[in-house]
Amino acid sequence: MWTRGKLKEVAKSALHRNYWKIVLVSMLLVLLGCETGGITFHKTVYKNTAGANLEESRENGDGADGSKSIVSVRRRFGSDKVTVKTIGGGEFEAEDVEIGFGKAMMIGFTAIAIFIVTFLAVLAVILAVDLLLLNPLSVGGKRFMIKSVEDVAKVKEIAYGFDHSYKNIVKVMFQMDLRIFLWTLLLIIPGIIKMYEYYMVPYILTEYPDIEYKAALQMSREMMEGNKWKTFVLGLSFILWDILGALTLGIVEIFYVQPYRSLTFAALYCQLRNMRVMNHAEIPGNGQYGVNGQYGVNGQYGVNGQYGVNGQYGVNGQYGVNGQYNPNGNGQQW
């Protein structure tokens, strides 16, 4: 079983081993989002019951010389014209414009329609950027952290999501995000539970980019079984570091806390993956590199496949080193 202390020790060791590269990648991911004297207004209304004059005074802010600029608007009762007078001496007349109810409704509906269309267009752009750019970049960032935990990673690992089964990575991440979103619509708590249930999906994609989305979701569920609460607490354990980062205006956050946190969760994935291997659990999926895929364990080029170790042309196969028809092998001679 894993503990927070052990994971953090691994993360610290990795950070010290490859510090500047990890800080650089972490800063890039944070910046891209893969991991804020005014004018006074005064209004007074005077209603004259005898003279029937309506006056409004507006104090519109400071002028260039520091004086107040006041505009006086007067309308005579029964008249459709207004007189506008400035304190500088200027005066002009303008007609009082009235807008009917139907026209006002039309203008209101048009404004609402423009707002909705604009909002949907902006939302579509944000979703497209998230799905097509940020999600694959997030997978690449997690692969970089995993490689840093295991050894010394190269910065180019962050492009892994674009170089390996890009369409499938986009599809799997979309399916994950969609399920979390739909569960969140029901109630917030189920959405949070699902978020931790699928927490390992992007990490799984770093090693199995061709895995089918159902298999990736199932594998993550199995890895997080009994680990969701512990993972939540692991995240909370960085809260004091986050406070320190805020007090230093983000300097500590950028140069230590965020890289430290990312490496810790990468170490968690490695631990859960290794536990899965020790329990002889199979990697689900029928993709090209999956268990039953072309290059998988049981695939054409896999361990048990036609060209694999035990296959027809493999080491122990009919034409292999120990096979029946290998002239130099240990099998039957030609």
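These numbers come from a predicted model, not from an experiment.
The main-chain N or O of I251 is never found under 3.5 Å from a side-chain atom of Y256 such that the two would form a donor-acceptor pair. Counting only distance, with no hydrogens or angles, the side chain of D210 and the backbone of N168 share no donor-acceptor pair below 3.5 Å. Side chain of R179 to main chain of F174: no donor-acceptor pair is present (N/O by atom type, distance under 3.5 Å, no hydrogens or angles). Within the 3.5 Å criterion, the main-chain N or O of V252 finds a donor-acceptor partner in the side chain of T248. Checked by atom type and distance alone, the side chain of D151 never pairs as donor or acceptor with a backbone atom of K147 at under 3.5 Å. Using a distance-only test at 3.5 Å, with no hydrogens or angles considered, a donor-acceptor pair links the side chain of S220 to the main chain of M200. Under the 3.5 Å distance criterion, the side-chain polar atoms of T184 are matched with a main-chain donor or acceptor of I180. Formation of a donor-acceptor pair under 3.5 Å by the N18 side chain with backbone atoms of A14 is not found in this model.
Closest heavy-atom contact between I146 and C270: CG2-SG, 3.8 Å. The minimum heavy-atom distance between A11 and L263, with the atom names listed, is O-CD1, 3.5 Å. For A216 against V201, the heavy-atom pair with the smallest separation is O-CG2, 3.9 Å.
By the 4.5 Å heavy-atom criterion applied to side chains, I193 and W183 are not counted as neighbours. Within the 4.5 Å cutoff, the side chain of L127 has heavy atoms near those of the L123 side chain. L29 has its side chain out of reach of S26: every pair of non-hydrogen atoms, C-beta onward, lies at least 4.5 Å apart. Residues L272 and N227 are in side-chain contact: their nearest non-hydrogen atoms beyond the backbone lie under 4.5 Å apart. Side-chain atoms of L205 and R143, non-hydrogen and from C-beta on, never get closer than 4.5 Å to each other. L268 is not listed as a side-chain neighbour of T264, based on a closest heavy-atom distance of 4.5 Å or more. A heavy-atom distance below 4.5 Å is found between the side chains of I126 and V122. Within the 4.5 Å cutoff, the side chain of V149 has no heavy atoms near those of the Y269 side chain.
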List the steps, then state whether side-chain contact (heavy atoms from CB on, under 4.5 Å) holds for I254 with V30.
-> CA-CA 9 Å; I254 292 173; V30 169; 5.9 Å; no
Applying salt bridge (charged side-chain N to carboxylate O under 4.0 Å, His left out), run through R273 and E150 and close with a yes or a no.
-> CA-CA 13 Å; R273 177 199 60 193; E150 295 176 335; 2.8 Å; yes
side-chain contact (heavy atoms from CB on, under 4.5 Å) between M223 and I204, intermediate numbers included = CA-CA 10 Å; M223 293 175 74; I204 293 169; 4.1 Å; yes
Intermediate values then yes/no, side-chain contact (heavy atoms from CB on, under 4.5 Å), W2 and K230 | CA-CA 10 Å; W2 60 274; K230 292 177 66 178; 3.6 Å; yes
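Centroid-to-centroid, the aromatic rings of Y196 and W229 stay 6.0 Å apart or farther.
By the criterion of side-chain heavy atoms lying less than 4.5 angstrom apart, applied directly or through intervening Ile, Leu, Val, Met, Phe, Trp or Tyr residues, L236 is not grouped with I243; the two fall into different hydrophobic clusters. Connection of M224 to V233 is established within a shared hydrophobic cluster, with ILVMFWY side chains joined at heavy-atom distances below 4.5 Å, either directly or through further cluster members. No continuous path of hydrophobic side-chain contacts links L186 to F181 [ILVMFWY only; heavy atoms under 4.5 Å]. Taken together through direct or relayed side-chain contacts under 4.5 Å among Ile, Leu, Val, Met, Phe, Trp and Tyr, V155 and L137 form part of one hydrophobic cluster. V125 and V170 fall within a single hydrophobic cluster, where Ile, Leu, Val, Met, Phe, Trp and Tyr side chains are chained together by heavy-atom contacts under 4.5 Å.
The 12-atom threshold is exceeded at CZ of R221, counting heavy atoms of other residues, nucleotides or ligands nearer than 6.0 Å. Atom CG of L185 has more than 12 neighbouring heavy atoms from other residues, nucleotides or ligands inside a 6.0 Å radius. By the 6.0 Å contact criterion, OH on Y19 is enclosed, its count of non-hydrogen atoms from other residues, nucleotides or ligands being greater than 12. Counting non-hydrogen atoms of other residues, nucleotides and ligands closer than 6.0 Å to NZ of K228 gives a total above 12.
Atoms CG and CD1, on L28 and I158 in that order, are 5.0 Å from each other to the nearest 0.5 Å. Rounding to the nearest 0.5 angstrom, the gap separating the CE atom in M195 from the CZ atom in F232 is 8.5 Å. Here the straight-line distance linking atom CE of M145 with atom OG of S262 works out to 4.5 Å at 0.5 Å rounding. Atom NZ in K194 sits 13.0 Å away from atom CE in M176 (nearest 0.5 Å). Atom CG in L7 sits 6.0 Å away from atom CG in L234 (nearest 0.5 Å). Of the inter-residue distances, the one linking T206 atom OG1 with H164 atom NE2 reads 11.0 Å to the nearest 0.5 angstrom.
A donor and an acceptor atom, one from each side chain of D177 and N135, are located under 3.5 Å apart. Side-chain contact check for E9 and S13: no donor-acceptor pair (N or O, by modelled atom type) lies under 3.5 Å. Between the side chains of E207 and Y160, not a single donor N or O lies within less than 3.5 Å of an accepting N or O.
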Mind listing the side-chain donor-acceptor pairs of residues 109-121 below 3.5 Å, one per line with the distance, residues two or more places apart or on another chain?
unit_1	atom_1	unit_2	atom_2	d
T110	OG1	M106	O	2.7
T118	OG1	I114	O	2.7

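A cation-pi contact links K142 to Y203, judged by a cut-off of 6.0 Å to the six-membered ring centre and 45° from its axis. For the pair K8 and F238, the cation sits on the ring face: its NZ or CZ lies under 6.0 Å from the ring centre, inside 45° of the axis.
The residues R261 and E253 are annotated as salt-bridged, a charged nitrogen and a carboxylate oxygen being separated by less than 4.0 angstrom.
The aromatic rings of F162 and Y166 sit parallel, their planes meeting at an angle under 30°, below the 60° perpendicular limit.
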